[in-house]
Asks: 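Have a look at the structure that comes next, please.
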Number of protein chains: 2
Amino acid sequence: MVIRLLLADDQALVRGALAALLDLERDMQVVAQVGRGDEVLEAVRSTSPDVCLLDIEMPGRDGIGVLEELREQAMPTRCLVVTTFGRPGYLRRAMDAGARGFVVKDTPAPELAEAVRRVHAGVRVVDPALATESLIGGPNPLTEREREALRAALDGSPVQVIAGRLYLSPGTVRNYLSSAIGKTGTSTRVEAAKFAEDRGWL
Amino acid sequence: MVIRLLLADDQALVRGALAALLDLERDMQVVAQVGRGDEVLEAVRSTSPDVCLLDIEMPGRDGIGVLEELREQAMPTRCLVVTTFGRPGYLRRAMDAGARGFVVKDTPAPELAEAVRRVHAGVRVVDPALATESLIGGPNPLTEREREALRAALDGSPVQVIAGRLYLSPGTVRNYLSSAIGKTGTSTRVEAAKFAEDRGWL
DNA sequence: GCGTGGCCATGACGTCTGTCACCGCTGTCG
DNA sequence: CGACAGCGGTGACAGACGTCATGGCCACGC
């Protein structure tokens with residue numbers, strides 16, 4: 001009656017350390033570890049774990065994408081997202097994408113095992129502090145196009161380059177960015193992009 | 001004859017997991033864990049560990065600052081920096097600040113214990129891939145003022161704001177940023193700032 | 001049917017940005 | 001001493017940026 005676990009985290013050290021920690025629990029067993037998002041599905045297929053621990057930021061495919069992929073394939077595995085600092089927007093998107101739990105790596109270690117047990121039992125687990133932060137942050141006011149423009153503006157690229165990446169006219173891009181600047185209460189597109197990114201709006 | 005360890009990492013889960021991993025080694029014992037940079041010195045004083053594992057990004061005081069502090073206080077502890085993805089500039093600055101080793105969290109777990117042993121034995125340990133990356137990155141071509149201007153430009157602030165923070169004329173700031181843009185081969189200040197940050201030039 | 005809102009675009013406007021030339025001042029090194 | 005590099009500033013200029021008004025197109029809801 002052990003809970004079979006899969007760990008997905010790009011940092012090998014963290015992954016191995018988490019495995020060591022969870023393997024100490026008598027009712028848990030780590031049956032697979034992967035370092036890339038696009039390796040999760042295959043690992044789930046071959047080992048059929050009870051619970052997946054997913055990081056958000058991974059090469060290959062990010063945690064949100066993995067959740068969507070697992071749901072599309074109707075895999076019975078329940079997923080607990082374990083990620084670095086709480087971007088409230090990630091919480092919303094992760095739960096929408098099918099996550100059964102969401103905790104940050106800053107939580108005390110003993111709580112993780114308990115969160116795994118609750119997820120395995122079918123209970124949804126969300127870090128309470130994150131949940132409140134997510135509510136006060138409010139919903140995402142940006143349109144899809146505004147988000148795309150902001151994502152492309154994150155690195156400071158000129159409007160012409162952004163327009164090229166989005167196959168849009170430079171004027172249109174400037175309009176979207178101007179709108180996003182207004183909605184975020186900032187004064188430059190880079191500030192708006194960072195503001196939105198911090199809230200997980202991108 | 002066990003190696004006494006102190007762990008400093010802001011993510012409680014990672015910290016606890018690393019402790020679990022390293023405590024499995026017969027010749028190691030974790031004697032202290034802290035989650036903030038400004039708690040390291042006191043912990044070192046009270047537990048006098050043989051080796052410190054330091055993260056770079058921590059609240060309170062970053063890893064580089066901790067290294068400088070420990071050296072100022074002439075603490076005999078040897079420090080191994082264990083951080084997320086390799087910013088070559090961090091490597092250089094960490095070693096200059098007194099680190100005895102530098103590895104990324106992406107390294108295979110078994111190598112960490114070995115790195116700890118080598119640091120404890122007085123050998124300097126540097127991830128080979130990072131060392132080469134640090135060399136090809138070349139030296140930092142930016143002047144002190146250019147770095148300050150870039151740091152203040154990282155969030156996309158307008159020149160006026162940057163000038164206010166640096167107590168400089170807007171024109172001067174523009175000149176520094178223009179110079180930095182030229183040196184980095186970029187075309188906007190935000191791109192230049194990100195470019196420099198990636199190389200640890202800030 | 002008609003208002004609403006997102007999408008895409010254009011044009012005009014004023015401001016900000018990036019570049020360049022040039023100034024003086026301070027050190028430092030041959 | 002003169003050459004040189006960094007620091008701080010000014011002025012001018014082309015181009016980029018942010019704002020606004022306006023237009024057409026489409027989908028949705030009352």
Side-chain angles (χ1 to χ4, degrees), chain A residues 89 92-93 96 137-202, chain B residues 89 92-93 96 137-202:
Chain A
R92 164 66 57 97
R93 282 197 292 162
D96 286 349
N140 187 340
L142 303 173
T143 70
E144 173 63 22
R145 288 313 215 175
E146 287 164 354
R147 287 201 297 277
E148 289 179 19
L150 284 182
R151 274 198 295 270
L154 258 179
D155 60 359
S157 304
V159 166
Q160 277 192 2
V161 176
I162 299 175
R165 285 210 283 263
L166 267 55
Y167 304 102
L168 290 176
S169 135
T172 303
V173 171
R174 273 188 294 143
N175 286 339
Y176 287 145
L177 292 177
S178 179
S179 170
I181 288 170
K183 287 178 179 176
T184 54
T186 53
S187 59
T188 71
R189 48 195 194 307
V190 178
E191 286 176 342
K194 290 206 177 292
F195 186 94
E197 191 194 25
D198 282 346
R199 278 157 186 73
W201 289 352
L202 303 187
Chain B
R92 164 65 57 100
R93 282 197 291 163
D96 287 349
N140 187 340
L142 302 173
T143 69
E144 173 62 21
R145 288 313 216 177
E146 286 164 355
R147 286 200 298 275
E148 290 180 17
L150 284 183
R151 273 198 296 270
L154 257 179
D155 59 1
S157 304
V159 166
Q160 278 192 0
V161 177
I162 300 174
R165 285 210 282 263
L166 268 53
Y167 304 103
L168 289 176
S169 138
T172 303
V173 171
R174 274 189 293 141
N175 286 338
Y176 286 145
L177 291 177
S178 180
S179 170
I181 288 170
K183 287 177 178 175
T184 54
T186 53
S187 58
T188 72
R189 48 197 150 63
V190 178
E191 285 178 342
K194 289 207 177 294
F195 185 94
E197 192 194 25
D198 282 346
R199 278 158 186 73
W201 288 352
L202 303 188

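Here is the naming used below: chain letters follow the sequence lines, and residue numbers restart at 1 for every chain.
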Asks: Are Thr172(A) and dA9(C) close enough that a side-chain N or O sits under 4.0 Å from OP1 or OP2?
Replies: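 Yes, because at least one side-chain N or O of Thr172(A) sits under 4.0 Å from OP1 or OP2 of dA9(C).
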Asks: Specify the separation, in whole Å, of atom CD1 of Ile181(A) and atom P of dC20(D).
Replies: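 The distance from CD1 of Ile181(A) to P of dC20(D) comes to 11 Å, rounded to the nearest Å.
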Asks: Arg174(B) has an atom CZ; how far is it from atom C1' of dT15(C), in whole Å?
Replies: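 Taking atom C1' of dT15(C) as the reference, CZ of Arg174(B) is at 12 Å.
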Asks: Classify the nucleic acid contact of Ser169(B) as base, sugar-phosphate or nothing, counting any heavy atom under 4.0 Å across all strands shown.
Replies: sugar-phosphate
Asks: In whole angstroms, how far is the C1' atom of dC20(D) from the CG atom of Leu177(A)?
Replies: 15 Å
Asks: Nearest heavy atom decides the nucleotide; on that basis, is Pro170(B) or Pro141(B) closer to the 5' end of DNA chain D?
Replies: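 Upstream on the strand: Pro141(B).
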Asks: Hey, does Thr143(B) reach any base, or is it just sugar-phosphate, or nothing, if we go heavy atoms under 4.0 Å?
Replies: sugar-phosphate
Asks: dG6(D) P sits how many Å from Glu144(B) CD, rounded?
Replies: 13 Å
Asks: Below 3.5 Å, does any donor atom in the side chain of Asn175(B) face an acceptor in the base of dT10(D), or the other way round?
Replies: yes
Asks: Looking only at side-chain N and O atoms, does Ser157(B) offer a donor or acceptor that is under 3.5 Å from a partner on Arg165(B)?
Replies: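 Note: Arg165(B) and Ser157(B) side chains meet the donor-acceptor criterion.
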Asks: Does dG8(D) have OP1 or OP2 under 4.0 Å away from a side-chain N or O of Arg145(B)?
Replies: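 Answer yes for this pair, as a side-chain N or O of Arg145(B) is under 4.0 Å from OP1 or OP2.
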Asks: Give the rounded distance in Å between these two atoms: CD of Glu191(B) and P of dT17(C).
Replies: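 These atoms are roughly 15 Å apart.
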Asks: With sugar-phosphate meaning primed atoms plus P, OP1 and OP2, does Leu168(A) contact a base, only sugar-phosphate, or nothing at under 4.0 Å between heavy atoms?
Replies: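 Sugar-phosphate: the residue Leu168(A), judged by heavy atoms under 4.0 Å, touches backbone atoms but no base.
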Asks: For Lys183(A) and Ser179(B), find the nucleotide of DNA chain C closest to each by heavy atoms; which residue's nucleotide sits nearer the 5' end?
Replies: Lys183(A)
Asks: Does Ser178(B) have a side-chain nitrogen or oxygen under 4.0 Å from the phosphate oxygens OP1 or OP2 of dG18(C)?
Replies: no
Asks: Please report, rounded to the nearest Å, how far the C1' atom of dG6(D) is from the CZ atom of Arg147(B).
Replies: 12 Å
Asks: Does the pair Lys194(A)/Glu191(A) count as a salt bridge with the N-to-O cut at 4.0 Å?
Replies: no
Asks: Would a distance-only check, ignoring hydrogens and angles, find a side-chain to backbone donor-acceptor pair under 3.5 Å from Thr188(B) to Gly156(A)?
Replies: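 Flag set: sc Thr188(B) to bb Gly156(A) pair under 3.5 Å.
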Asks: Is Arg189(A) close enough to dG18(D) that one of its side-chain N or O atoms is under 4.0 Å from OP1 or OP2 there?
Replies: yes
Asks: Tell me: OH of Tyr176(B) to C1' of dT19(C), nearest whole Å?
Replies: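 Rounding to the nearest Å, OH of Tyr176(B) and C1' of dT19(C) are 16 Å apart.
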Asks: Report yes or no: does Arg147(A) contribute a side-chain atom to a donor-acceptor pair with the main-chain N or O of Leu142(A) at less than 3.5 Å?
Replies: yes
Asks: Step by step, would you call Arg145(A) with Glu148(A) a salt bridge (charged side-chain N to carboxylate O under 4.0 Å, His left out)?
Replies: CA-CA 5 Å; Arg145(A) 288 313 215 175; Glu148(A) 289 179 19; 2.6 Å; yes
Asks: Rounded to the nearest angstrom, tell me the gap between atom CD in Glu148(B) and atom C1' in dG8(D).
Replies: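 One finds 13 Å between C1' of dG8(D) and CD of Glu148(B), rounded.
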